[in-house]
Amino acid sequence: MPDPSLSPTLDLQLTWRGTFGRIRVYDDTVRAETSFERDALTQVPTDQVTGWRIEPCDFDAVCVEFVTARDTYRVLLDTRDERVARLALERVLGASLPSEG
């Protein structure tokens, strides 16, 4: 039987207007990658994340912003995934940062 800790409890991804974003939530960690506002697909250094938030990006996408001391990484998700993403990220990373908007 496969080790359930190796399988994400949530796996969301979106290809949107030529960019790619993916968030995988495990029991005790989050892994994410994005090409939004990047030259190439980039792994989000989730071990360095000091906060996160979800902001609108467009009528059909939301940005999950992962904030580190050096940068903010934006991962795009479908607006329909916002609620489930928020619940999963709160469970692992704690409460979100206040909205910037």
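Given the structure is predicted, the values throughout are model-derived calculations rather than measurements.
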Return the [atom1] to [atom2] distance between [X] and [Y], rounded to the nearest 0.5 Å.
| X | Y | atom1 | atom2 | value |
| --- | --- | --- | --- | --- |
| Asp28 | Arg91 | CG | CZ | 9.0 Å |
| Thr29 | Asp47 | OG1 | CG | 8.0 Å |
| Arg17 | Asp60 | CZ | CG | 5.0 Å |

Contact summary for [X] and [Y], nearest pair of heavy atoms:
| X | Y | value |
| --- | --- | --- |
| Phe20 | Thr15 | CD1-OG1, 3.6 Å |
| Leu76 | Trp16 | CD1-CE3, 3.0 Å |
| Arg53 | Pro98 | NE-O, 2.9 Å |

Sequence neighbours excluded - disulfide (SG to SG under 2.5 Å) pairs with any residue from residues 7-36: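 Disulfide (SG to SG under 2.5 Å) check on residues 7-36 returns no pairs.
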
Main-chain N/O of Glu65 paired to Arg74 side chain as donor or acceptor, under 3.5 Å: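 No: the side chain of Arg74 does not pair with the backbone of Glu65.
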
Side-chain donor or acceptor of Ser35 paired with backbone N/O of Arg38 under 3.5 Å: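 No; zero donor-acceptor contacts below 3.5 Å.
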
Heavy-atom side-chain contact between Asp27 and Thr9 under 4.5 Å: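 Yes - at least one pair of side-chain heavy atoms lies under 4.5 Å apart.
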
Side chain proximity check, Arg22 to Arg31, heavy atoms < 4.5 angstrom: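 No, their side chains stay 4.5 Å or more apart.
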
Apart from Leu87 itself, residues in the same hydrophobic cluster as defined by side-chain heavy atoms under 4.5 Å: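 ILVMFWY cluster around Leu87 holds nothing else.
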
Members sharing Leu93's hydrophobic cluster (side chains within less than 4.5 Å):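 Members alongside Leu93: Leu10, Leu12, Ile23, Val25, Val30, Val44, Val49, Trp52, Ile54, Val62, Val64, Phe66, Tyr73, Val75, Leu77, Val84, Leu89, Val92.
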
